[in-house]
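Single-structure report; data block below.
Protein chains get the first letters and strands the later ones, always in sequence-line order, with residue 1 at the start of each.
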There are 2 protein chains.
Amino acid sequence: MTKVHSASEIDEKGEGFLKNIAIDAVIFGFHDNQLKVLLIEYKGTGLFALPGGFIKTEEDLNSAALRVVSERIGLEDIFLEQFYVFGDYSRYNPTQFKIIMSANGDVPPDDHWLLKRFISIGYYALVDFTQAKPMPAAIFDSCNWYDLTAMPKLIQDHTRIVEKALDTLRSNLDQKLIGFNLLPQDFTMGDLQKLYETILDKKLLRPAFQRKILALGILERVAKKWTGGAHKAPYLYRFRSAKRVSE
Amino acid sequence: MTKVHSASEIDEKGEGFLKNIAIDAVIFGFHDNQLKVLLIEYKGTGLFALPGGFIKTEEDLNSAALRVVSERIGLEDIFLEQFYVFGDYSRYNPTQFKIIMSANGDVPPDDHWLLKRFISIGYYALVDFTQAKPMPAAIFDSCNWYDLTAMPKLIQDHTRIVEKALDTLRSNLDQKLIGFNLLPQDFTMGDLQKLYETILDKKLLRPAFQRKILALGILERVAKKWTGGAHKAPYLYRFRSAKRVSE
DNA sequence: TTCTATTGTAACATAATGATACAATAATAA
DNA sequence: TTATTATTGTATCATTATGTTACAATAGAA
């Protein structure tokens with residue numbers, strides 16, 4: 001329950017959108033050995049939130065989520081998956097949305113559809129930080145990456161949504177092979193290990209990690225080697241399989 | 001999008017319920033070495049469906065799901081978890097609901113809220129077959145267990161929902177320790193193994209299974225032994241931890 | 001050319017899992 | 001009462017996976 005379009009785009013009754021349902025997206029990136037989350041800031045409020053949106057009357061749910069994410073990040077081929085539906089009544093907080101809309105110049109009537117209760121379907125996305133281009137919308141002051149460890153206070157239960165997304169990412173990391181969606185096309189084994197260590201928040205043994213990953217048979221070695229350090233140059237690897245978008 | 005209450009309970013505008021959102025529940029049971037699913041049959045239509053329902057305006061999503069399930073099964077303490085949200089536009093099929101409502105004596109106007117598009121939040125429940133008491137509502141002809149391998153044709157995409165629930169059950173079986181929710185309080189190691197074999201649809205080696213399960217340290221041996229066969233009597237076991245309901 | 005930091009992988013240790021074997025035993029039948 | 005039978009509980013060994021140490025290879029800097 002987050003992405004508020006421009007006032008002209010959505011009327012007071014929410015015609016053209018499904019009622020009571022929102023999408024919130026936790027978009028993860030990885031840079032400088034830090035997990036990042038994309039957050040937006042509502043114009044003139046100092047209120048930070050996850051990117052989000054609503055479902056058009058004739059739109060598939062997963063397509064709506066993809067639209068919401070790609071509008072913020074400027075990419076089309078995105079790993080994106082549902083992870084939880086947040087539906088506690090205690091989430092309902094219309095005054096916060098009155099503030100957001102008022103700061104944007106719209107003073108909404110009390111029965112405005114955006115002031116009704118919303119159930120939010122949580123999606124998490126894994127994107128290549130080097131390719132992503134954060135794009136604010138008109139009603140945002142900003143749209144930027146934040147270290148997971150240094151996020152501003154978020155509206156509603158969005159902090160909990162991020163935590164739950166991280167839990168899901170952790171437990172899916174080994175099971176499904178999704179980590180590579182956070183890396184650029186070519187990367188070293190050290191890059192991959194640091195990514196795993198950052199997500200899992202624990203040190204891994206280098207030989208065992210390398211052996212395990214290579215045994216999966218999903219990497220191919222790129223001929224050229226990375227260079228730059230005063231030591232033996234590591235190989236560059238690339239994942240064979242394509243990125244997946246939901247199921 | 002399934003459980004239609006009596007006509008008097010819900011008005012044509014759906015006052016008191018969230019719009020466009022439904023809950024569908026895949027309730028699993030285990031009996032005679034068969035996985036069972038609870039299905040309802042809409043009165044006078046021969047149409048089978050998953051038990052389902054809607055969310056009250058001031059009700060938590062997970063509470064609504066628990067209400068929907070316990071109304072059908074007559075139990076309170078139920079393992080219940082979200083597994084996926086079904087939101088394709090192609091699910092939308094109002095004529096089927098016109099048939100169901102007409103057969104029930106209500107001829108709905110075309111703008112009746114139940115004839116609008118619904119996004120369905122899928123939950124799966126694991127219940128003790130010996131304790132469950134399937135309870136039909138007024139608008140059902142029946143509410144019964146069906147073998148997963150011998151289900152009738154279901155309305156909408158409910159067959160796919162069952163399949164996806166089974167996938168989730170399979171992948172959660174080892175990770176989380178949820179299998180015991182399908183068994184009565186006391187059971188033998190053979191019972192548990194048969195349950196696992198049925199769910200995973202493959203044979204397991206008895207000594208390895210026993211060692212692995214016991215190593216988890218979650219079972220306690222009940223003093224008395226089961227009896228009845230012309231062979232050594234197996235121990236009865238009981239799970240230490242309590243059942244969990246969602247997160 | 002030597003030094004340094006890091007990589008790639010071999011080698012061994014330990015733990016987990018797969019597979020076979022067999023004694024223990026509750027009911028049945030002789 | 002005793003032998004028979006089917007199944008249980010677990011020991012034992014084999015295989016595989018994972019944890020850990022060690023060391024040669026090497027790109028750049030000194």
Side-chain angles (χ1 to χ4, degrees), chain A residues 32-33 170-177 179-180 183-240, chain B residues 32-33 170-177 179-180 183-240:
Chain A
D32 282 343
N33 294 337
R170 278 190 181 134
S171 58
N172 284 173
L173 191 59
D174 283 317
Q175 212 166 357
K176 314 176 179 190
L177 304 163
F180 60 87
L183 293 175
Q185 189 181 46
D186 297 346
F187 52 87
T188 69
M189 198 54 76
D191 293 336
L192 188 63
Q193 185 174 343
K194 272 170 195 156
L195 171 65
Y196 270 68
E197 288 179 341
T198 305
I199 293 175
L200 300 175
D201 195 26
K202 68 172 179 186
K203 283 274 165 205
L204 301 173
L205 290 166
R206 195 172 53 86
F209 181 79
Q210 177 131 343
R211 183 180 13 160
K212 188 170 163 176
I213 297 289
L214 289 180
L216 294 173
I218 54 168
L219 293 188
E220 61 178 328
R221 215 174 244 181
V222 179
K224 59 186 173 165
K225 293 183 175 192
W226 175 87
T227 181
H231 50 76
K232 183 176 178 179
Y235 287 102
L236 284 177
Y237 292 91
R238 181 179 298 175
F239 281 92
R240 272 196 242 279
Chain B
D32 282 343
N33 294 337
R170 280 190 180 135
S171 59
N172 284 174
L173 191 58
D174 284 316
Q175 212 166 356
K176 315 176 176 187
L177 303 163
F180 60 86
L183 293 175
Q185 190 181 48
D186 297 345
F187 51 88
T188 68
M189 197 55 75
D191 293 337
L192 188 62
Q193 184 174 344
K194 273 170 196 156
L195 172 65
Y196 270 67
E197 289 179 340
T198 305
I199 294 175
L200 300 175
D201 195 25
K202 67 173 180 187
K203 283 276 166 202
L204 301 173
L205 289 166
R206 195 171 54 86
F209 181 79
Q210 177 130 340
R211 184 183 22 177
K212 188 171 166 178
I213 296 288
L214 289 179
L216 294 172
I218 54 169
L219 293 189
E220 62 178 329
R221 215 174 243 182
V222 178
K224 61 186 171 164
K225 293 184 176 189
W226 172 88
T227 182
H231 50 74
K232 183 175 178 179
Y235 287 102
L236 283 177
Y237 291 91
R238 180 179 299 175
F239 281 92
R240 272 197 243 278

(request) Output all residues satisfying salt bridge (Lys or Arg N to Asp or Glu O under 4.0 Å) with A:Arg170, sequence neighbours left out; order by chain, then residue number. (result) none
(request) Taking ring-ring contact (aromatic ring centres under 6.0 Å, His included) as the test, write out the residues that go with B:Phe187, two or more places apart. (result) B:Phe239
(message) If the condition is side-chain hydrogen bond (donor to acceptor under 3.5 Å, both in side chains), which residues does A:Gln175 pass it with, not counting sequence neighbours?
(response) B:Gln175
(request) Measure the OG-NZ distance between A:Ser171 and B:Lys176 for me, rounded to the nearest 0.5 Å. (result) 7.5 Å
Each nucleotide N or O in nucleotides 28-30 of chain C that has a protein N or O under 3.5 Å away: list the pair and distance.
none

(request) Go through residues 192-205 of chain A and report each residue with a non-hydrogen atom lying under 4.0 Å from DNA chain C, sorted by number. (result) none
(message) Per the salt bridge (Lys or Arg N to Asp or Glu O under 4.0 Å) rule, what does the pair list look like for residues 200-216 of chain B, sequence neighbours excluded?
(response) B:Glu197-B:Lys203
(message) According to side-chain contact (heavy atoms from CB on, under 4.5 Å), who are the partners of B:Gln185, at least two apart in sequence or on a separate chain?
(response) B:Arg238
(request) Check each of B:Asp191, B:Ile199, B:Thr198 against B:Leu195 using the side chain to side chain contact (heavy atoms under 4.5 Å, CB included) test, and report the only one that passes. (result) B:Ile199
(message) Are B:Leu214 and B:Met189 packed together at the side-chain level, in the sense that at least one heavy-atom pair is separated by less than 4.5 angstrom?
(response) yes
(message) Any non-hydrogen side-chain atom of A:Phe209 less than 4.5 Å from a side-chain atom of A:Leu205?
(response) no
(message) Tell me every residue that passes side-chain hydrogen bond (donor to acceptor under 3.5 Å, both in side chains) with B:Arg221, counting only those two or more places apart in sequence or in another chain.
(response) B:Tyr237
(request) If a protein heavy atom is under 4.0 Å from the base, mark B; if only from the sugar-phosphate, S; if neither, -; do that for nucleotides 8-17 of chain C going 5' to 3'. (result) BBB------B
(message) Pick the closest DNA chain D nucleotide for A:His231 and for B:Thr188 by heavy atoms, then say which residue is nearer the 5' end.
(response) B:Thr188
(request) Could you pull out all residues at least two apart from A:Tyr235 that satisfy ring-ring contact (aromatic ring centres under 6.0 Å, His included)? (result) none
(request) State which residues pass side-chain hydrogen bond (donor to acceptor under 3.5 Å, both in side chains) with A:Asp174; sequence neighbours excluded, sorted by chain then number. (result) none
(message) Distance under 4.0 Å to a non-hydrogen atom of chain A counts as contact; along DNA chain D, which nucleotides mark the start and end?
(response) D:dT18 to D:dG28
